There are 2 protein chains.
Amino acid sequence: MADRLLPTLRDVANAAEVSVGTASKVLSGASGVSAARAQRVWDAARQLGYRRNGIAADLRRGRPSSIGFVLPDLTNQFFVDIARELENHALEHGYQLIMAHADEDPAREMERIRFVMSRQVAGMIIIPCRGYEHAIKEARECNVPLVMADRVDETFPANTVTTDSHGASRDGTAHLIALGHRRIAFLVNTLDLVNSKERADGYIDAMRRAGLDSFIQVVECGMTAAEIHASTLDVLSAAVRPTALFAAGNVTTLGALRALRDANLRLPEDISLLSFDDAPWMAVLRPYLSSIRQPVEAIGHAIWQLMLKLLSGERGEPAHLTFKAELLVRESTARVPEDVLALQRAQAAARR
Amino acid sequence: MADRLLPTLRDVANAAEVSVGTASKVLSGASGVSAARAQRVWDAARQLGYRRNGIAADLRRGRPSSIGFVLPDLTNQFFVDIARELENHALEHGYQLIMAHADEDPAREMERIRFVMSRQVAGMIIIPCRGYEHAIKEARECNVPLVMADRVDETFPANTVTTDSHGASRDGTAHLIALGHRRIAFLVNTLDLVNSKERADGYIDAMRRAGLDSFIQVVECGMTAAEIHASTLDVLSAAVRPTALFAAGNVTTLGALRALRDANLRLPEDISLLSFDDAPWMAVLRPYLSSIRQPVEAIGHAIWQLMLKLLSGERGEPAHLTFKAELLVRESTARVPEDVLALQRAQAAARR
DNA sequence: CTGTTAGCGCATTCAC
DNA sequence: GTGAATGCGCTAACAG
């Protein structure tokens with residue numbers, strides 16, 4: 001022990017008067033050691049306060065015991081939910097999840113991926129952020145099992161698990177249209193994110209199908225609360241403002257709500273709001289927000305299953321799993337009020 | 001390289017026709033290598049797609065490059081905010097933050113601490129969960145710099161950083177009292193959490209000072225959304241219900257709001273609500289929630305400063321840093337309506 | 001069953 | 001400047 005802070009396996013072996021090999025066997029739970037000596041080892045370990053050095057063990061064994069998970073935003077409930085799912089699955093299967101946070105910053109994402117890789121993880125799960133191309137190249141080149149989720153599409157040359165964003169968005173838009181809305185603004189953080197792009201496309205698709213091409217309004221709001229707030233305020237202060245807002249995500253919805261509040265518009269009397277992504281706090285709003293809920297459990301489970309398969313050595317064509325989201329019609333989406341419609345008609349007529 | 005997945009330092013050295021020692025010097029940025037050979041090494045590394053094995057490096061160097069952070073709940077905005085602060089500071093100082101999530105489960109917390117320790121971190125930062133005694137003992141025995149935050153008090157034999165819960169809670173309660181409230185119920189997850197206990201004590205303190213001893217009502221709601229929801233509903237359905245609710249935290253506030261919604265009570269006309277902990281979603285509620293905001297940045301910074309000091313080898317008496325929280329009076333706390341007061345008086349008279 | 005030995009990938013002496 | 005040699009703490013393969 002001497003001056004070292006932590007006792008090592010050798011210290012334990014010495015104290016128990018056995019060889020390091022024997023001590024190792026005992027402490028790593030392998031069989032083939034007599035009960036008496038095993039007890040001696042346990043005692044010595046306890047007495048010395050021995051802690052096994054996991055990185056040394058992994059290094060020696062060559063088979064790491066942890067899985068890396070890089071997520072883009074800890075503020076986004078959806079990602080956090082996925083993290084919890086993954087963590088539970090990983091722990092259940094004897095793996096440790098080592099989480100890293102990219103904070104929606106491609107440069108940091110790169111750093112984080114490098115770090116996690118340098119920890120010699122057995123596999124990597126990544127929900128990328130915008131401009132992630134370099135980062136992902138980095139990850140792919142490491143030859144470790146890689147599963148990408150959420151912000152990817154099927155063109156990606158790796159295993160992916162996603163929500164059917166296009167379909168969900170189309171359905172959501174159709175719901176608004178069915179309520180009589182025409183001027184529906186689609187608020188999205190950025191079209192640089194594949195899934196955001198898909199959500200926007202789903203919206204556009206639905207609008208086109210309904211013959212509402214001329215009412216299509218996709219607004220790129222940005223990633224930060226301040227940007228989203230400002231953009232939405234812009235939209236709301238237009239001469240003729242939309243009768244419904246469709247926010248493409250968790251965070252965007254929050255920003256939109258803030259703007260709605262500032263503009264003093266009531267939900268759903270003055271304007272309807274549909275949120276892509278559900279979140280706990282939405283339940284306490286009046287009105288209760290209508291939203292699109294992604295099947296977090298299923299997604300988390302699928303990601304993990306894919307990872308397990310890869311871990312077991314199966315390679316081959318990458319799989320692309322997609323899940324359907326659920327439209328939750330609650331109170332924030334309503335029929336367009338007659339007076340608003342009348343006003344709009346009048347304005348349109350006047351302009352002609 | 002042969003069959004190994006990733007090229008090793010030796011592979012690079014071989015390819016560059018230098019020794020491993022030289023290659024190591026180049027790739028770890030040390031000086032004392034001629035430009036020509038350095039270039040050869042870099043080229044070889046790039047060509048082979050070399051990735052340095054961080055755990056091997058740490059192992060050899062004996063000086064780990066990461067700091068562990070164990071937090072109890074990813075769902076709680078406050079903890080996540082702290083995590084972001086810490087991560088920024090750590091990265092800035094050349095450390096990597098390795099996060100682990102205890103999920104409010106003491107057993108899991110123990111596991112996570114063990115895991116993080118086994119990764120040979122240079123230091124540990126822990127926000128404990130309920131019943132954390134074993135876990136912390138574990139952490140302390142590892143002889144690594146340890147900073148505990150939030151859910152600890154000054155009796156703890158380690159460095160701590162906390163909010164002045166007692167004072168903040170007292171001030172919040174005083175604010176409600178000043179608005180004419182007497183029946184103020186204090187909703188808390190559990191008194192097993194030191195800071196929750198302190199918050200409750202602050203409330204009790206303020207009530208006593210105002211001579212409202214007989215109105216003191218502390219309700220232990222539990223940690224889960226369902227439990228909190230049920231407990232609050234209970235409180236609200238009492239024969240004579242409180243005119244104000246003081247929720248002791250983020251998550252409790254959410255549960256309380258859900259119950260308020262179910263009970264069909266309007267804020268603040270029917271009842272006032274004060275939240276310990278602020279959160280982004282509170283800004284979109286009508287009314288905007290009055291809350292107590294903990295100084296996250298300052299706390300995060302202080303935790304990191306303490307850690308740096310410990311890392312630099314300074315030991316000695318553990319420090320106990322405390323920060324003042326800020327009372328944000330917004331719209332959810334209002335004067336007790338006259339009719340409610342009259343009703344209560346009448347009921348009280350009738351019962352006499 | 002047990003102890004000895006040889007590395008995992010790397011950083012760091014120390015000779016040259 | 002450079003390379004050979006020595007372990008960090010541990011596991012696994014082997015010989016007794």
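In what follows, chains carry the letters A, B, and so on, assigned in the order in which the sequence lines appear, proteins first and then strands, with residues in each chain numbered from 1. What you see is a predicted model; the values in this text were computed from it and never measured.
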Extract all donor-acceptor atom pairs below 3.5 Å that involve side chains of residues 312-323 of chain B and protein atoms in other chains or at least two apart in sequence.
| unit_1 | atom_1 | unit_2 | atom_2 | d |
| --- | --- | --- | --- | --- |
| B/Ser312 | OG | B/Lys309 | O | 2.7 |
| B/His320 | ND1 | B/Thr160 | OG1 | 2.7 |
| B/His320 | NE2 | B/Glu154 | O | 3.3 |

A/Arg51: which residues meet the salt bridge (Lys or Arg N to Asp or Glu O under 4.0 Å) condition with it, sequence neighbours left out?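 So A/Arg51 forms a salt bridge (Lys or Arg N to Asp or Glu O under 4.0 Å) with B/Glu138, B/Glu141.
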Using the C1' atoms of the five pairs at each end, what is the angle between the end axes of the helix from C/dC1-D/dG16 to C/dC16-D/dG1, to 10°?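 End-to-end axis angle: 50°.
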Of the nucleotides C/dC8, C/dC1, D/dG1, which has the atom closest to the B/Ser34 side chain?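 Nearest to the side chain of B/Ser34 among the choices is D/dG1.
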Are the charged groups of A/Glu104 and B/Arg84 less than 4.0 angstrom apart, N to O?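 The answer is no: the pair does not qualify as a salt bridge.
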Please give, in whole Å, the distance from [N] [atom2] to [X] [atom1]?
{"X": "A/Asn53", "N": "D/dT11", "atom1": "CG", "atom2": "P", "result": "9 Å"}
{"X": "B/Leu48", "N": "C/dG9", "atom1": "CG", "atom2": "P", "result": "14 Å"}
{"X": "A/Leu59", "N": "C/dA6", "atom1": "CG", "atom2": "P", "result": "18 Å"}
{"X": "A/Asn14", "N": "D/dG9", "atom1": "CG", "atom2": "P", "result": "13 Å"}

Check whether any side-chain N or O of B/Thr8 sits under 4.0 Å from OP1 or OP2 of C/dC8, and answer yes or no.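 Indeed not, no polar side-chain atom of B/Thr8 lies that close.
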OP1 or OP2 of C/dG9 under 4.0 Å from side-chain N/O of B/Arg10: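 No, no such contact exists.
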Heavy-atom side-chain proximity of B/Gln96 to B/Ile67 below 4.5 angstrom: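 With C-beta onward as the side chain, the pair stays apart.
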If you define the side chain from C-beta out and look only at heavy atoms, does anything of B/Gln47 sit under 4.5 Å from B/Val12?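 Answer no - side chains too far apart.
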Which residue pairs satisfy the salt bridge (Lys or Arg N to Asp or Glu O under 4.0 Å) criterion with at least one member in residues 54-68 of chain B, sequence neighbours excluded?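 Residue pairs passing salt bridge (Lys or Arg N to Asp or Glu O under 4.0 Å), neighbours aside: A/Arg119-B/Asp58, B/Asp58-B/Arg61.
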Report which part of the nucleic acid A/Gly32 touches: base, sugar-phosphate, or nothing (heavy-atom distance under 4.0 Å, all strands).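 Here A/Gly32 touches the bases of the nucleic acid.
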With sequence neighbours excluded, what pairs up with A/Asp105 under the side-chain hydrogen bond (donor to acceptor under 3.5 Å, both in side chains) test?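 Once residues adjacent in sequence are excluded, A/Asp105 has no partner under the side-chain hydrogen bond (donor to acceptor under 3.5 Å, both in side chains) criterion.
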Contact pattern, 5' to 3', of nucleotides 11-16 of chain C - B, S or - by protein heavy atom under 4.0 Å: BB----
With respect to B/Asp43, which candidate in B/Arg46, B/Gln39, B/Arg40 satisfies the side-chain hydrogen bond (donor to acceptor under 3.5 Å, both in side chains) definition?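 Of the listed residues B/Arg46, B/Gln39, B/Arg40, the side-chain hydrogen bond (donor to acceptor under 3.5 Å, both in side chains) partner of B/Asp43 is B/Gln39.
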By the definition side-chain contact (heavy atoms from CB on, under 4.5 Å), identify the one residue from B/Val147, B/Leu308, B/Asp150 that meets it with B/Ile303.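 One option only clears the test, and that one is B/Val147.
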